[in-house]
Amino acid sequence: MAGGMQFMAMGGEQPLTSQIKQRIQRQLFPLPKEVKFGQKLFSFAPGTCQLAITTKLNTTERQFVSNFKQQWQKKFHTSLKQSANTKSKLQLIIVKSDSHTAVGVNLKRIQQLPNSAQAYTVSTVISDGNLKIYLIFNDSPGLYYALETFNQLLADGSSNKKLVLPAITITDWPDIRYRGMWGGVRYPTGKLMAKELADFSAMKLNYWERPRMKVMLNSQNQVYYNALTPKLLTAAERYNIKLEPYITHLSGLFSSHWASHLGKLKDQLTAKGTKSYGKVWCWHKTESQEMLYQMMLKAAGTPGLKSLSIWLSEWGGTACQCDQCKGNVHDYFIMETANILKAYRRVKKSYPHLQLTILTTQTSYKFQDEILAMIPPEIHLDFYGGSGKGNTYQTTNQSILAGYPVEKLLKRGYKLGVLPLVISSHAPAIGQFPFYTPSLIKMRMSEVYRKKLERVIAYLPYNLYQHDINIQAVGEYAWNSNGRSLEQFAVSWSARQDNKYPAKTGKIITLLDHPGRILSMGIHADKFSNPLTRLVDRLLEVKSKYSAYFALLQGIDSKDKVTATENLLNDCQQALKLATQTGNQRLIAAAKLLRQWMRILHEYAKFNAKPDNKQLRDKVKQQIVVYVREIPQLWLNWIQHEQIPNKRRKKYIFKKMQKIMQIFKRLGQMPNVDHLADSWLKK
């Protein structure tokens, strides 16, 4: 190596062993597309490093660099000095790909990578005895991700007195342009907002559909809203996140949750003679059309806002019954779409920069072709399907884009997105059992990438942290769908949490993945109760219109459901054994709870194998009752270890769990778990 002795004088070097490479690679998240290690590991005093910027940065890029300097100061307790001295022994060099200052890096290739605005290279180069670390980017997002990746490289071995860096070249770009979620804490403020945005961006997620627009009226019956602030938009920009607020399903605007905010306008705008949930609009009224325009106009006027999402109506009843509407559902959706487009054109006259996204819904399926034909390609389209066409709210192996004309719309020039579920149920109770299933997320992200959609907007209701492995799997596989295996990802996730047993933890997560998927496949999207409660109902001869057997066992490929559920039960048992060895109480509690649910399912499978055997039936019923009685204690033991950021959310989850427990009362005396929640709610 040229100049090796000179470099040794200022720091140190040692061979880059396979063990060190493995540790470093585990810290890289998401796994970059290309990682090439050299032969050396360098160490030096952080204060000897100098920053050189060889290109003119815009305001956003300067902010990224400023944030990075603050992180450097916090980590190493010394400032990162900026200097143009190219003869410095140790230099961190920020280079735009259209310059000619990088040594030993193919700048032209970086410019040609997919999603090139987010592409970057981090490369260490020894030249004349000096170590140069190049951070090369095409556009602002690429600089942000280059800095993030460089920080990840410093996670292994570096301290406030020593900076350790491998000889390495990373070239990277995302598979999917916009990667993110909708949901999260609805109205974050202060420290929670800052933490959420920082943690979100650390996963290299860059799109967040939030917050829900809360439409209200002032004393003069003028529309305003209080869900979005310039401060929130500025914070999102700091973390390279596109924040897109949304106006919820228009039919839900007049539901009981929102009605109090709309005063007298509720009666003026809502439909007549309908039993739909909430109240649907009467689109023949000019007041309705004006209300929609005012909502969009007020949103567009928020400083810094660049885009807005609006969701078509969704309900299970009839349309307005007035003399003009006559309950015609087809006309309702056609008129709603037309009025959205009309309002958008009016808003664009004042805010020409505004980008609109329209979410189609389950109720609009029947008229999908006509609705899509009305919408011009410059408007973005999002899709989800909880039932019927599409399976975005299911955790089965079926396509999430079934029935949606993806190829036809792409040919017409649309930018498309999809909203898949990444936890076990979309019901706000989320927390009936653990759902550590990176396999589901990998499958979903691979489909989105394969079908060339622009956006994936994962649905993770209200909480980034309770199901952190799942949202991190979105970050992993939306960026690099062909990267890590499921177990490799779980090991990486564990290592980044400073877990002492990453390999065992990876195995535990892999073992629990399949049981969690099987259990969740039967959860009906709009129910708080687990389908296993219906399973118990059925065994107790309580009438139910749902088939628990079909709902839960359909995901098991084997015809021999007894043996298959026994194998899944053994997976849970093996996971529990490994978790006990690690001493990780969160995983121990998770494995115990999943094992309990799987015990119930295994008993149910035995009963269904011989449904006419009364003796077996009675024995199974008796055993299931014993298992179900233990669920509340096991559930609380698990949920106490989950990461839930505020007491209000904890109380909500526990309240929903209490409702679920009411279903079990028919089994006889159930243990009272109310007192067990005290310590958890106080944390």
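Note that the structure is a prediction, hence the values are computed from the model and not measured. Just so you know, residue 1 is the first one in the sequence shown, and it goes up from there.
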*Asks:* Backbone N or O of L372 within a donor-acceptor pair of the Y414 side chain at under 3.5 Å?
*Replies:* yes
*Asks:* Got a salt bridge between E447 and K451, using NZ or NE/NH1/NH2 to carboxylate O under 4.0 Å?
*Replies:* yes
*Asks:* List the atom of T396, the atom of L440, and the distance in Å for their closest heavy-atom pair.
*Replies:* O-CD1, 4.3 Å
*Asks:* With ring centroids as reference points, do W635 and W597 lie under 6.0 angstrom apart?
*Replies:*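 Ring centroids of W635 and W597 are no less than 6.0 Å from each other.
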*Asks:* Should L419 and L359 count as side-chain neighbours, where that means a heavy-atom distance under 4.5 Å?
*Replies:*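 Heavy-atom side-chain distance check passes, below 4.5 Å.
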*Asks:* Under 3.5 Å, is there a donor-acceptor pair between the S439 and D513 side chains?
*Replies:*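 There is such a pair (donor and acceptor under 3.5 Å, judged by atom type) between the side chains of S439 and D513.
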*Asks:* Restricting to non-hydrogen atoms, name the atom on L308 and the atom on P245 that form the minimum distance, rounded to 0.1 Å.
*Replies:* CD1-O, 3.5 Å
*Asks:* Should the heavy atoms of other residues, nucleotides or ligands under 6.0 Å from CD of E378 be counted, would the total exceed 12?
*Replies:* yes
*Asks:* Less than 4.5 Å apart, side chain to side chain, heavy atoms only: is that true for M443 and R517?
*Replies:* yes
*Asks:* Over 60° means perpendicular and under 30° means parallel, so classify the ring planes of Y604 and F607, tilted if in between.
*Replies:*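 If you compare the ring of F607 with that of Y604, the planes turn out tilted.
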*Asks:* Return the CD to CG distance between E407 and L410, rounded to the nearest 0.5 Å.
*Replies:*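 Rounded to the nearest 0.5 Å, the CD-CG separation comes to 8.0 Å.
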*Asks:* Begin with the C-alpha distance, continue with both residues' side-chain angles, and end with the deciding distance and a verdict on side-chain contact (heavy atoms from CB on, under 4.5 Å) for L416 and E454.
*Replies:* CA-CA 6 Å; L416 303 179; E454 183 186 60; 6.0 Å; no
*Asks:* Any chance you could measure E196, atom CD, to L232, atom CG, to the nearest 0.5 Å?
*Replies:* 9.5 Å
*Asks:* Do E370 and I334 have side chains that get closer than 4.5 Å, going by heavy atoms?
*Replies:* yes
*Asks:* Below 30° counts as parallel, above 60° as perpendicular, anything between as tilted: where do the rings of Y384 and H249 land?
*Replies:*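 The arrangement is tilted - the two ring planes meet at 30° to 60°.
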*Asks:* Any side-chain heavy atom of T395 sitting closer than 4.5 Å to one from I423?
*Replies:*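 Side chain of T395 against side chain of I423, heavy atoms only: no contact under 4.5 Å found.
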*Asks:* Atom NZ of residue position K415 - does it have more than 12 heavy atoms of other residues, nucleotides or ligands inside 6.0 Å?
*Replies:*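 Count not over threshold, so no.
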*Asks:* To the nearest 0.5 Å, how far apart are CD1 in I600 and OG1 in T565?
*Replies:*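 So the gap between those two atoms works out to 12.5 Å.
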*Asks:* Checking K242 now: which residues fulfil side-chain contact (heavy atoms from CB on, under 4.5 Å) with it, not counting sequence neighbours?
*Replies:*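 With sequence neighbours excluded, K242 shows a side-chain contact (heavy atoms from CB on, under 4.5 Å) to Y178, Y207, E244, S307, given in chain and number order.
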*Asks:* Can you say whether the rings of W283 and Y332 are parallel (under 30°), tilted (30 to 60°) or perpendicular (over 60°)?
*Replies:* tilted
*Asks:* Is a donor from one side chain sitting under 3.5 angstrom from an acceptor on the other, for R177 and N206?
*Replies:* no
*Asks:* Passes side-chain contact (heavy atoms from CB on, under 4.5 Å), K306 versus L233? Steps please.
*Replies:* CA-CA 10 Å; K306 297 177 182 178; L233 286 165; over 6 Å; no
*Asks:* I need the minimum non-hydrogen distance between R412 and A373, along with the two atoms involved.
*Replies:* NH2-CA, 4.0 Å
*Asks:* Could you tell me whether a side-chain N or O of T361 sits under 3.5 Å from a main-chain N or O of S313, the two making a donor and an acceptor?
*Replies:*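 Pair found, side chain donor or acceptor close to backbone of S313.
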*Asks:* How about E476 and M445: do any of their side-chain heavy atoms sit closer than 4.5 Å?
*Replies:*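 Not in contact.
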*Asks:* Just wondering, do I471 and I441 contact through their side chains at under 4.5 Å, heavy atoms?
*Replies:* no
*Asks:* As an exercise, state the distance from NE2 of H330 to CD1 of I371, rounded to the nearest 0.5 Å.
*Replies:*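 Rounded to the nearest 0.5 Å, the NE2-CD1 separation comes out at 8.0 Å.
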*Asks:* When rounded to the nearest 0.5 angstrom, what distance separates CD1 in I469 from OH in Y436?
*Replies:* 8.0 Å
*Asks:* Would a distance-only check, ignoring hydrogens and angles, find a side-chain to backbone donor-acceptor pair under 3.5 Å from S288 to W281?
*Replies:* no
*Asks:* Contact between I457 and R179 at the side-chain level, heavy atoms closer than 4.5 Å - yes or no?
*Replies:*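 I457 does not reach R179 side chain to side chain.
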*Asks:* Check for me whether the distance between the ring centres of F200 and Y239 falls short of 6.0 Å.
*Replies:*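 F200 vs Y239: aromatic centres not under 6.0 Å.
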*Asks:* For residues T360 and D382, determine if any side-chain heavy atom of one lies less than 4.5 Å from a side-chain heavy atom of the other.
*Replies:* no
*Asks:* Per the side-chain contact (heavy atoms from CB on, under 4.5 Å) rule, which among L401, I176, L409 passes with L453?
*Replies:*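 So, applying the side-chain contact (heavy atoms from CB on, under 4.5 Å) to L453 and each of L401, I176, L409, only L401 qualifies.
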*Asks:* Among pairs that include at least one residue of residues 324-350, which meet salt bridge (charged side-chain N to carboxylate O under 4.0 Å, His left out), considering only residues two or more places apart or in two chains?
*Replies:*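 Sorted pair list: E290-R346.
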*Asks:* State, to 0.1 Å, how close Q368 and P405 come at their nearest heavy-atom pair, and which atoms those are.
*Replies:*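 Closest pair (atom of Q368, atom of P405, distance): NE2-CD, 3.5 Å.
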*Asks:* Between the side chains of S446 and Y477, is a donor N or O closer than 3.5 angstrom to an acceptor N or O?
*Replies:*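 Per modelled atom types, S446 and Y477 side chains form no pair under 3.5 Å.
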*Asks:* Check L205 against G475 and note the closest heavy-atom contact, atom names and distance.
*Replies:* CD2-CA, 3.6 Å
*Asks:* Do you know the tightest heavy-atom contact between I400 and P420?
*Replies:* CD1-CB, 4.1 Å
*Asks:* Between the side chains of N240 and S201, does any donor sit under 3.5 Å from an acceptor?
*Replies:* no
*Asks:* Go through L601 and I518 one step at a time and tell me if the side-chain contact (heavy atoms from CB on, under 4.5 Å) criterion holds.
*Replies:* CA-CA 10 Å; L601 184 58; I518 295 300; 3.9 Å; yes
*Asks:* To the nearest 0.5 Å, what is the distance between CZ on F433 and CD1 on I631?
*Replies:* 10.5 Å
*Asks:* Verify, without hydrogens or angle tests, whether D175 (side chain) and A478 (backbone) share a donor-acceptor contact under 3.5 angstrom.
*Replies:*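 Absent.
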*Asks:* Has the side chain of H380 got a donor or acceptor atom that lies under 3.5 Å from a matching backbone atom of R455?
*Replies:* no
*Asks:* Could you go through the side-chain contact (heavy atoms from CB on, under 4.5 Å) check for I310 and T357 one step at a time?
*Replies:* CA-CA 6 Å; I310 189 166; T357 300; over 6 Å; no
